[in-house]
Amino acid sequence: MQAQRRLELRRKLGARAFSCTPSPPSSSSPPLEARYDRLLKNSCDDASALKQIHSSLTTRGLLTRDPHLSAQIIVKYSKFGHPHHARSLFDGITARCERPNSFLWNTMVRAYANNGHCADALELYALMRRGGVLPDNYTFPFVLKACASDSDPLARGWEVVHGETIKTGFDPDMYVEAALVDAYAKRGRIGCARKVFDGMTQRDLVCWTTMITAYEQAEQPQESLVLLCRMQREESLLPDPVAIVSVASSVGQMGDVKSAKSVHAYAIQNGILGDVCVANSVVAMYTKCGNVEYARMAFVRMEERDKISWNSMLSGYVQNGQANEALLLFEQMQDSGCKPNPVTALIMVSACAFLGSCHLGKKIHDYIHENKMKVDITLQNALMDMYAKCGNLETASKMFHEIPLKERDVSSWNVLISAYGMHGRGEEALNLYLQMQEKGVAPNHITFTSILSACSHAGLINEGRKCFADMSKHSVMPEAKHYTCMVDMLGRAGLLGEAFNLIKSMPASPNDGVWGALLLACRVHGNSELGEIAANNLFQIEPEHPGYYVLLSNIYAASRRWQEVGKLRENMKTRGLSKPAAFSVIEYGQEAIGFYTADQLNPYRGEVYRHMERLVVEMKTRGYFPDRSCVLHDVEDEDKDHILNYHSEKLAVAFGILKTDSESTITVSKNLRICNDCHSTFKFLSDIYQRQIVVRDANRFHHFQAGSCSCKDYW
DNA sequence: TTAGGGTTAG
């Protein structure tokens with residue numbers, strides 16, 4: 001039916017548009033052309049071989065005689081990623097031939113579309129239309145592919161092209177429809193994509209996969225999996241490797257380990273796990289579900305690994321907080337002969353940022369230089385972020401100012417604003433926020449998270465309120481994370497009522513972050529009434545999160561309500577929840593030395609414990625008095641003092657004073673927030689020993705120097 | 001002598 005319709009259309013439009021159809025090579029083709037034809041088909045595996053054949057054909061004048069050979073070369077140039085060489089040849093043909101046929105136009109549009117030259121593809125399509133050549137069922141998929149990936153966010157070319165598929169009668173073609181579904185989905189019009197999909201009279205596996213992938217890309221994994229089930233039930237179609245890759249990504253978004261195991265089992269049973277893309281997607285799927293161990297097993301058992309396999313596993317470790325494992329795997333990657341690429345570098349830089357290890361970060365930075373890796377703006381931003389998170393704000397700032405203004409993107413500004421914020425330098429963060437606007441860079445939702453957080457850390461309440469109001473001016477809708485920053489800012493400042501009212505004014509239901517910020521503020525200001533409201537909301541949203549039970553328990557402990565403390569601890573025990581162990585790390589030469597609270601396994605424990613006791617004696621002569629409110633157990637004062645002395649961050653700092661060069665800065669990272677007593681201790685120690693002490697806790701940086709802290713005791 | 005769907009990072 002479709003074929004007949006097409007023939008009718010062609011008859012109507014006349015044969016002129018198709019008048020330059022080259023004859024296909026046949027047994028009657030001259031032997032030289034036939035030889036080149038075979039050469040192109042069988043012995044042309046790379047661009048240099050192709051260039052040689054191209055030049056030889058030009059010298060012999062064969063290209064002007066046989067358009068078929070020209071078309072083959074265009075196809076090959078396209079395949080090897082050289083659409084501009086293809087274009088020169090194409091222009092030569094158009095110069096000689098009054099009306100090149102649609103096949104040649106299609107081939108050239110395809111060369112651009114398949115190599116990411118969307119604007120060129122669309123321009124050529126327009127030229128083709130102006131030349132009176134009618135697009136056909138082959139043209140549209142190429143043109144739509146170019147429309148789908150157009151970098152101009154305002155481009156709406158696909159709508160015009162959709163109209164043309166209807167005008168020319170090719171709209172019911174399954175290939176054209178699949179390309180339309182894909183184009184609509186890639187331009188974020190999932191509803192239109194679904195409409196085209198639903199209107200199709202015939203669908204094969206590719207059509208279903210296109211729609212399944214569309215939902216996966218639109219972060220609607222549930223819809224994607226529903227469609228997969230329908231495809232299997234209604235059409236008895238089985239997902240192939242490409243479909244499984246999409247499905248694995250959807251399952252990863254859902255974070256459901258049970259479904260992940262089913263996908264993995266399907267891949268094994270159907271013999272497609274040998275496909276490296278499928279195996280990679282299984283690794284990524286498990287890491288997104290938080291099951292690093294299954295991911296590791298899938299990775300170890302892979303028959304073949306490419307860069308993506310290594311990067312997926314590395315990133316999986318970092319995302320799941322196992323940055324040390326990532327560092328070990330990075331060594332293995334190099335030993336295996338797989339050369340890290342800039343994506344690997346990006347992952348490793350974020351691993352170092354996570355660990356807060358400047359020494360390791362510097363090592364990766366040197367590695368990037370030594371291996372002459374391409375440092376694009378994304379990697380540059382990640383490096384700045386890493387230096388800032390490792391305590392080296394000056395290097396981060398220097399790097400930022402070395403990037404030429406026109407090369408800085410919004411993320412560059414965001415990274416530095418966030419960096420100043422976490423180091424407690426709110427005024428500088430605000431200056432940057434204003435500067436970026438003066439330079440014509442529009443703040444985005446991440447900018448607002450960073451600047452609101454910076455205001456919060458520095459106690460800049462009015463400025464924070466103003467920035468929050470600025471959001472609507474920049475057409476950025478406040479999300480839960482922005483409300484979290486505001487609640488944190490108001491709560492820290494003791495404006496608990498205003499914080500609570502803000503939560504009540506939220507258009508969407510408050511999430512765990514928002515209630516968590518209020519609960520924390522209630523802990524700081526000892527408001528158990530509001531604290532209970534926040535905690536009860538949190539217990540409903542995340543009943544298995546130990547941190548919230550601990551926070552409420554701390555609120556009760558601070559007001560000596562030991563009975564409630566006991567009840568909460570019992571509740572946690574019944575649910576099998578435990579508070580994460582406090583852990584601090586200090587860099588010592590090439591090593592990173594870790595300390596747990598009251599660490600019994602650390603090889604340095606004997607000398608460090610003794611040194612800590614000496615330090616406390618010294619501090620007491622200068623006026624230090626233990627802050628026993630930081631001990632949340634109902635025990636005697638003497639025991640409380642003892643517990644305080646062995647907090648992980650104190651042990652790490654004591655180690656630093658004992659072992660490191662007296663001129664050097666002591667840098668410690670802690671997984672939880674620093675306690676009041678440790679904070680006060682480090683102020684004393686920085687003064688007595690004239691040492692700079694930098695502590696990164698779960699929330700921010702504290703720079704201790706000459707008896708005071710950069711946070712001005714506001715944290 | 002041409003066609004539509006894919007994994008990592010941000």
Side-chain angles (χ1 to χ4, degrees), chain A residues 21-26 37 40-41 67-72 74-75 78-79 101-111 113-114 136-145 148 170 173-183 185-186 193 196-197 200 203-214 216-217 239-250 252 275-285 287-288 305-316 318-319 340-350 376-382 385 409-411 414-415 446:
Chain A
T21 310
S23 46
S26 63
D37 184 61
L40 279 164
K41 276 192 184 121
H68 160 66
L69 285 174
S70 305
Q72 272 214 60
I74 292 177
V75 171
S78 160
K79 191 177 161 194
N101 69 348
S102 55
F103 165 68
L104 276 177
W105 283 100
N106 288 349
T107 310
M108 194 55 235
V109 175
R110 170 201 188 196
N114 283 352
D136 60 19
N137 53 319
Y138 289 100
T139 323
F140 287 120
F142 302 138
V143 176
L144 285 164
K145 186 172 186 171
F170 288 110
D173 184 283
M174 188 170 69
Y175 286 83
V176 175
E177 285 175 310
L180 271 169
V181 171
D182 190 50
K186 289 215 169 83
V196 175
F197 178 81
M200 291 174 80
R203 301 181 195 105
D204 66 1
L205 178 62
V206 174
C207 301
W208 283 92
T209 311
T210 307
M211 198 63 231
I212 289 170
T213 307
E216 178 263 312
Q217 292 286 309
D240 69 352
V242 176
I244 281 300
V245 167
S246 263
V247 169
S249 178
S250 289
D275 180 321
V276 70
C277 293
V278 172
N280 289 348
S281 68
V282 167
V283 171
M285 170 177 70
T287 64
K288 282 180 193 153
R305 292 185 199 106
D306 61 8
K307 283 192 197 348
I308 294 176
S309 324
W310 290 93
N311 287 348
S312 302
M313 194 63 235
L314 287 169
S315 158
V318 179
Q319 279 167 24
N341 67 2
V343 176
T344 322
L346 200 61
I347 300 167
M348 296 320 297
V349 168
S350 69
D376 64 3
I377 192 68
T378 311
L379 186 53
Q380 190 91 342
N381 292 342
D385 187 53
D409 63 9
V410 64
S411 301
N414 291 349
V415 165
I446 300 170

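Chain A is the first sequence line, chain B the second, and so forth, proteins listed ahead of strands; every chain is numbered from 1. Quantities reported herein were computed from a predicted structural model and do not represent experimental measurements. Just the heavy atoms: all of them, side chains too, but no hydrogens, waters or symmetry mates, feed the values below.
- Regarding contacts with the backbone of B:dG6, every side-chain N or O of A:Thr213 stays at 4.0 angstrom or more from both OP1 and OP2.
- Atom pair A:Arg110:CZ and B:dT2:C1' shows a separation of 6 Å (rounding to whole Å applied).
- Taking CE of A:Met313 as the reference point, atom CG of A:Asn280 lies at 11.5 Å (rounded to 0.5 Å).
- Note: A:Asp240 CG to A:Trp208 CH2 = 14.5 Å, rounded to the nearest 0.5 Å.
- Between A:Lys307 and B:dT7 there is no side-chain N or O to OP1 or OP2 distance below 4.0 Å.
- Within the nucleic acid shown, A:Lys79 has no heavy atom closer than 4.0 Å to any nucleic acid atom.
- Note on A:Asp306: nothing from the nucleic acid sits closer than 4.0 angstrom, heavy atoms only.
- Heavy atoms of A:Ser312 sit under 4.0 angstrom from primed sugar atoms or phosphate atoms, though from no base atom.
- Among B:dG4, B:dT7, B:dG5, the nucleotide with an atom closest to any side-chain atom of A:Asp204 is B:dG4.
- When distances run from any side-chain atom of A:Phe103 to the nucleotides B:dG5, B:dT2, B:dG4, the shortest one goes to B:dT2.
- Among the nucleotides B:dT2, B:dT8, B:dG5, the one closest to the side chain of A:Asn311 is B:dT8.
- Note on A:Gln217: a side-chain N or O is less than 4.0 Å away from OP1 or OP2 of B:dT7.
- Atom CZ of A:Phe170 and atom P of B:dG4 are 16 Å apart (whole Å).
- Straight-line distance from the CD1 atom of A:Ile347 to the C1' atom of B:dT8: 6 Å, rounded to whole Å.
- Of the side-chain N and O atoms in A:Gln319, one or more sit less than 4.0 angstrom from OP1 or OP2 of B:dA9.
- At a threshold of 4.0 angstrom between heavy atoms, the contacts of A:Ile244 with the nucleic acid are absent.
- Residue contacts shown for A:Asp182 are limited to sugar-phosphate atoms, with no base heavy atom under 4.0 Å away.
- Atoms CE (A:Met211) and P (B:dG4) sit 19 Å apart, rounded to a whole Å.
- Residue A:Thr209 is in base contact, counting any heavy-atom pair closer than 4.0 Å across all strands shown.
- For the atom pair A:Lys307 NZ and A:Ser312 OG, the distance stands at 13.0 Å (nearest 0.5 Å).
- Here the CG atom belonging to A:Asn381 is positioned 5.0 Å from the CG atom belonging to A:Asp409, to the nearest 0.5 angstrom.
- The side chain of A:Tyr138 has B:dT2 as its nearest neighbour among B:dG4, B:dG5, B:dT2.
- With B:dG10, B:dT8, B:dG4 as the candidates, the nucleotide lying closest to the side chain of A:Leu346 is B:dG10.
- Across B:dA3, B:dT7, B:dG5, the shortest atom-to-atom separation from the side chain of A:Pro141 is found for B:dA3.
- With rounding to whole Å, A:Leu379 atom CG is found 15 Å from B:dT8 atom C1'.
- Separating the CG atom of A:Asp136 from the C1' atom of B:dG4 is a distance of 14 Å, rounded to the nearest angstrom.
- Between A:Asn114 atom CG and B:dT2 atom P the separation is 14 Å, expressed in whole Å.
- The A:Asn106 side chain lies nearest to B:dT2 when the options are B:dT8, B:dT2, B:dG4.
- Here the nucleotide nearest the side chain of A:Phe142, chosen from B:dG10, B:dG4, B:dG5, is B:dG4.
- If you check B:dG4, B:dT8, B:dG6 against the side chain of A:Ser315, the one that comes closest is B:dT8.
- If you run side-chain contact (heavy atoms from CB on, under 4.5 Å) between A:Asn106 and each of A:Asn101, A:Thr139, A:Val143, only A:Thr139 comes through.
- A:Asn381 comes within 4.0 angstrom of no nucleic acid atom, judged by non-hydrogen atoms across all strands.
- Residue A:Lys186 has a polar side-chain atom (N or O) positioned under 4.0 Å from OP1 or OP2 of B:dG6.
- Across A:Ser249 and A:Glu216, no two heavy atoms sit closer than the pair OG-OE2, 2.7 Å.
- Residue A:Val245 places its side chain closer to B:dG6 than to any other of B:dG10, B:dT2, B:dG6.
- In this structure, A:Thr107 reaches neither bases nor backbone, as no heavy-atom distance under 4.0 Å exists between it and the strands shown.
- The minimum heavy-atom distance between A:Ala178 and A:Met200, with the atom names listed, is N-CE, 4.4 Å.
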